[in-house]
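Presented below is the structure to which this report refers.
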Amino acid sequence: MSIKLPFSPAVGAVVALALTAAPADAQNRGRQQAQAPVDPAVVMAEAQTAATAAGLACQVVEANRLGATPAGTAFEVACGVGPGFIVVAGATPQAYNCLGLAASASDQTNTRCNLPRNADVLAAVRPYVEAANLSCSIDEAAWIGQVPSGEDRYEIGCANSEGYWIDVAKASTTPNEVLPCLEITSVSRSCRFTTRDEQVASIAARYGPSLPAGCIPADVRVAGQNQQAKFYEVKCGNDSGYFVRTLIADGRFDRAIPCADALSIGGGCTLVDTSAAVAAATSARNAALAAIYPDCQTVEAQLIGREQGATQREVVEFRCTGKPIGVVGFLGAADPADNEALDCITVTLRNLECRMTAAAQIKSALQAQMDSGNMPCAIQSFMVHARTDDLRGDFTEIKCEDDRRLFGQFPHDRSRAAVDVMICARARLVFGFECEL
């Protein structure tokens, strides 16, 4: 399980525009024209044309004509939404983000924007935050680079909550990527405008009400994600901890998993010491299994998950000493009499597969039962259809490597031979099952 973020080193945008003067022999002839006032409406229209040609999503609200450059006439424009730009009209129109120019200029020789509106970074990025529906009262912001695909990247800080990196294309006023700082720091990047306390406060506000009673978040990290869910580790103020499972589709809280039960998620909990809790949980599970399945001396146990619905029993796989196949326990019922255990063959009825018992071991156990009953069949595959009425065996279909299909009763005591093994046509008459393999 891993987090994959589209992080690339930001590319600077330093530019020096060489504004050219008129030739000396033409200066006197052009003096009268040069002194003629420039119509602001004309400049605005020319600037809007240049901005549109450069691919900007910019409704020009203020503009200055800067002069001629080798590439074409340069304008500084302020936009109704987003940052301003220096735009160069020409055969290949170009646009330079004013915030990027200010952030990456190393000395006074580099071009900078001068319109006061273009210096207000908070006003420039606030519409992006609103367009992305972020719950953020912006208190700091900065242009931090340009990603290889061309979008400008900004970092924003939010008052009393975590901030974000946002990527916005010049041709758009809506971010096409929003990256929370908690995810950024999880891949060893950093946010300048977000503190650890703000990250914790964000998770506490978002998921705290759904956490078990007594858990007040004190620390948090991104633990990983899969196709369906994202996982956060939350350390509580009382030194307990949980993995919070949230849904990728809409970010909703799904469930909280105690650290003792989450060893297989994202490498397990790292913000809290789980050794004592794991030892206690393991001891309790071993005792619960021994009460209903005394033949298993546990060597290893692994939590598979928890049942949905009313029972909410834990589903735990066990590996047993001296046993060819393992056992899956359904444990933790309010009434211990409702706990149950099924070996790795029978549990396939619940659409579960054992992880600590290999498929070859399972097939070998069934093969031994067939051989003990003097039933010549090299097993290719099997299917458990149902448990026997006394719950001490299974009705199991067998497909042989020579393509024969057989049906029989296989005792749960895997040292005993299969009985009543017959061809599928007879099994339909005797037991009422149809072979499906």
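The first residue in the sequence is number 1, and the count goes up from there. Below, all heavy atoms of this structure are taken into account, side chains as well, without hydrogens, waters or symmetry copies.
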Any donor-acceptor pair under 3.5 Å from Thr246 side chain to Lys230 backbone | yes

Return yes if a side-chain donor-acceptor contact under 3.5 Å exists between Tyr154 and Asn97, otherwise no.
-> yes

Please check if any side-chain donor atom of Gln94 sits under 3.5 Å from a side-chain acceptor atom of Tyr96, or the reverse.
-> yes

Over 12 foreign heavy atoms within 6.0 Å of CZ, Arg392 = no

Distance-only donor-acceptor check, side chains Thr346 and Asp343, under 3.5 Å | yes

Lys/Arg-Asp/Glu bridge criterion (N-O < 4.0 Å) met for Arg196, Asp219 = yes

Using distance alone, with no hydrogens and no angle criterion, decide if Glu76 and Asn118 have a side-chain donor and acceptor under 3.5 Å apart.
-> yes

Please report the closest heavy-atom contact between Phe75 and Ala89, naming both atoms and the distance.
-> CE1-CB, 4.5 Å

Drop me the distance from Cys191's SG to Glu183's CD, to the nearest 0.5 angstrom.
-> 10.5 Å

Thinking salt bridges, do Arg355 and Glu317 make one under a 4.0 Å N-O criterion?
-> no

Would you tell me whether Thr195 and Asp197 have side-chain atoms, one donor and one acceptor, within less than 3.5 Å of each other?
-> no

Determine the sole option in Ile257, Val315, Asp261 for which the side chain to side chain contact (heavy atoms under 4.5 Å, CB included) test with Arg306 is passed.
-> Asp261

Nearest 0.5 Å please: distance from the CZ atom of Phe231 over to the CG atom of Asn226.
-> 5.0 Å

His385-Phe431 aromatic ring centre distance below 6.0 Å = no

Go through the side-chain N and O atoms of Ser240 and Asn238 and say whether any donor and acceptor fall under 3.5 Å apart.
-> yes

Exceeds 12 heavy-atom contacts within 6.0 angstrom, atom CG of Asn160 | no

Residue Ile248 excluded, over 12 heavy atoms near CD1 under 6.0 Å | yes

Judged by modelled atom types alone, do Ser202 and Glu198 share a side-chain donor-acceptor pair under 3.5 Å?
-> no

Would Glu436 and Lys399 pass as an ion pair if we require N to O under 4.0 Å?
-> no

What orientation do Tyr232 and Tyr207 show, parallel under 30°, tilted 30 to 60°, or perpendicular over 60°?
-> tilted

Verify the distance criterion only: is there a donor paired with an acceptor across the side chains of Thr73 and Arg65 at less than 3.5 Å?
-> no

For residues Glu151 and Asn176, is any side-chain donor paired with an opposing acceptor at under 3.5 Å?
-> yes

Gln380, CD atom: more than 12 neighbouring heavy atoms under 6.0 Å | yes

Could Arg255 and Tyr242 be counted as a cation-pi pair, given that NZ or CZ must be under 6.0 Å from the ring centre and within 45° of the axis?
-> no

More than 12 heavy atoms from other groups under 6.0 Å of CG on Asp403 | yes

